[in-house]
Protein chains: 2
Amino acid sequence: MKKYEHPDIRNVTLTEVMQALSDPSRIKIVRQLLDYPQRPFACNEFPVKGSKATISHHFHVLRQAGLIQTKVEGTKCLTTLRRTEIEKKFPGLWKFLDKSC
Amino acid sequence: MKKYEHPDIRNVTLTEVMQALSDPSRIKIVRQLLDYPQRPFACNEFPVKGSKATISHHFHVLRQAGLIQTKVEGTKCLTTLRRTEIEKKFPGLWKFLDKSC
DNA sequence: TCTATTGTTCGTCAATGATCGAACTATAAA
DNA sequence: TTTATAGTTCGATCATTGACGAACAATAGA
């Protein structure tokens, strides 16, 4: 598998972050990651429906927005939140996403 | 001027809110409102460029997302945040928007 | 009444975004 | 080496969205 590009958080804009989170599937992904801190998930471990291509696209968007990081592990790719970096740049985002209904 | 429709906050989704905030002009509008609590602004008092139609569209989106309320006053329409209602449904949103850079 | 102000609505166009199947890559396991 | 697994990338399609000008509506003021 190819290695992933992760943007420098300094170059991430609030608009991008909002845009990334303006999709129900992507919000689900982020919330699951919030619910299980430190635990990495493979792409197919999220309750998101759609083709492989679509799901891959969602992770790409979240990655470009600086919200997640992806690490190759065998044939899988493991995703975790970029928790502390995002919290530093956008304080309160995680808390907000976690609590909002 | 017509009277405005404001959605019941209960029917507003997080996705809608994120979508509404995924535009630089609309973020600017909300931030200005955050910076001057309680003070109502007319549509043309925001540093947002674009035609009248475009600006009206941005306010429409923010209104449908439950973020702002608009009141007719003469030939103007005055906009304020739906501060407490949104804070109750999406705790931390205002704080997050205010602090993020 | 006439005109200026303020904003909405409509129709249109261009750009973006979500979705998919198909072909592909890389690793693991048989 | 063959097959299965996991995900990416490409190209296409379709829907949504942002932007605009033009026509409109409502109020204020001369």
Side-chain angles (χ1 to χ4, degrees), chain A residues 1-7 12-30 32-33 39-80, chain B residues 1-7 12-30 32-33 39-80:
Chain A
M1 191 128 28
K2 57 156 284 194
K3 46 183 171 336
Y4 295 90
E5 307 253 325
H6 294 99
V12 171
T13 67
L14 179 57
T15 307
E16 276 179 301
V17 169
M18 290 313 209
Q19 208 284 324
L21 293 170
S22 67
D23 178 281
S25 298
R26 294 197 290 263
I27 289 186
K28 266 188 201 164
I29 291 170
V30 169
Q32 175 162 325
L33 291 166
R39 172 172 157 193
F41 286 94
C43 289
N44 62 356
E45 296 183 285
F46 295 88
V48 171
K49 67 174 190 304
S51 69
K52 285 196 303 177
T54 299
I55 294 184
S56 183
H57 164 70
H58 286 318
F59 282 95
H60 180 76
V61 172
L62 291 171
R63 211 178 292 124
Q64 291 315 300
L67 294 169
I68 62 172
Q69 56 200 340
T70 311
K71 187 177 67 165
V72 175
E73 185 100 358
T75 67
K76 303 188 171 185
C77 68
L78 296 182
T79 292
T80 49
Chain B
M1 192 125 32
K2 57 155 285 195
K3 47 183 177 319
Y4 296 89
E5 307 253 325
H6 294 98
V12 171
T13 66
L14 179 58
T15 307
E16 275 178 302
V17 170
M18 291 309 208
Q19 208 285 324
L21 294 170
S22 67
D23 178 280
S25 298
R26 295 197 290 261
I27 289 186
K28 266 187 200 162
I29 292 170
V30 169
Q32 176 162 324
L33 291 166
R39 172 171 158 195
F41 288 93
C43 290
N44 60 357
E45 296 183 286
F46 295 88
V48 171
K49 66 174 191 301
S51 68
K52 286 195 303 176
T54 300
I55 294 184
S56 183
H57 164 71
H58 286 318
F59 282 95
H60 180 76
V61 172
L62 289 172
R63 212 177 293 125
Q64 291 314 299
L67 294 170
I68 63 172
Q69 56 199 343
T70 311
K71 187 177 67 165
V72 176
E73 186 98 359
T75 67
K76 304 188 170 186
C77 68
L78 297 181
T79 292
T80 48

Give, ordered by number, those residues of residues 15-22 of chain B having at least one heavy-atom distance below 4.0 Å to an atom of DNA chain C; if nothing qualifies, reply none.
-> none
Closest non-hydrogen contact found for A:P24 with B:T15 is CD-CG2, 3.8 Å
Output the distance between atom CZ (A:R39) and atom CD (A:Q32), rounded to the nearest 0.5 Å.
-> 7.0 Å
When rounded to the nearest 0.5 angstrom, what distance separates CG in B:L21 from CG in A:L14?
-> 7.5 Å
Partners passing side-chain contact (heavy atoms from CB on, under 4.5 Å) against A:E16 (at least two apart in sequence or in another chain) = A:V12, A:T13
Distance, nearest 0.5 Å, that separates OG1 of B:T79 from CG of B:L33 | 7.0 Å
Report the distance from atom CZ of B:F59 to atom P of D:dG18, rounded to the nearest whole Å.
-> 14 Å
Tell me: CD of A:E5 to C1' of D:dT8, nearest whole Å?
-> 13 Å
Would you mind telling me which residue lines up with the more 5' stretch of DNA chain C, B:C43 or A:E73, judged by nearest nucleotide?
-> B:C43
Set of residues satisfying side-chain contact (heavy atoms from CB on, under 4.5 Å) with respect to A:S56, sequence neighbours excluded | none
Within the pair B:T75 and D:dT27, is there a side-chain N or O less than 4.0 Å away from OP1 or OP2?
-> no
The ring pair (Phe, Tyr, Trp, His ring centres under 6.0 Å) partners of A:F59 (sequence neighbours excluded) come to A:F46
Can you name the nearest heavy-atom pair linking A:T70 to A:C77, along with the distance?
-> CG2-CB, 3.5 Å
With sequence neighbours left out, write down each residue that passes side-chain contact (heavy atoms from CB on, under 4.5 Å) with B:A42, or none if nothing qualifies.
-> B:N44, B:E45, B:K76, B:L78
Rounded to the nearest Å, what distance is computed from the CG atom of residue B:L78 to the C1' atom of nucleotide D:dA28?
-> 15 Å
In chain order, what residues pass the side-chain hydrogen bond (donor to acceptor under 3.5 Å, both in side chains) check against A:S51, with sequence neighbours excluded?
-> A:T54
Contact list for DNA chain D against residues 62-71 of chain A - heavy-atom distance below 4.0 Å | A:R63
Taking CG from A:N44 and C1' from D:dA4, how many angstroms apart are they, rounded to a whole number?
-> 14 Å
To the nearest angstrom, how far is A:H60 atom NE2 from C:dT19 atom C1'?
-> 15 Å
What residue pairs, at least two apart or across chains, pass side chain to side chain donor-acceptor pair (under 3.5 Å) with a residue in residues 19-28 of chain A?
-> A:R26-A:H58
Could you run down the sub-3.5 Å N/O contacts of the protein with nucleotides 20-23 of chain D?
from	atom 1	to	atom 2	distance (Å)
D:dC20	OP2	B:S51	N	2.9
D:dC20	OP2	B:T54	OG1	3.0

For A:G50 against A:I55, the heavy-atom pair lying closest together = O-CD1, 3.8 Å
Check the distance between D:dA4's P and A:K76's NZ and give it to me in whole angstrom.
-> 18 Å
Within the structure, does a side-chain N or O atom of B:Y4 lie under 4.0 Å from either OP1 or OP2 of C:dG7?
-> no
Any idea which of C:dA18, C:dA26, D:dG7 is nearest the A:H57 side chain?
-> C:dA18
Of all residues at least two apart in sequence or in a different chain, which pass the side-chain contact (heavy atoms from CB on, under 4.5 Å) check with A:H60?
-> A:R63, A:Q64
For A:D23 and C:dA18, give me the distance from atom CG to atom P, rounded to whole Å.
-> 6 Å
Axis-to-axis angle for the helix from C:dT1-D:dA30 to C:dA30-D:dT1, ends of five pairs each, to 10°, equals 20°
Quick one: is B:H58 getting a side-chain N or O under 4.0 Å of the D:dT17 phosphate, OP1 or OP2?
-> no
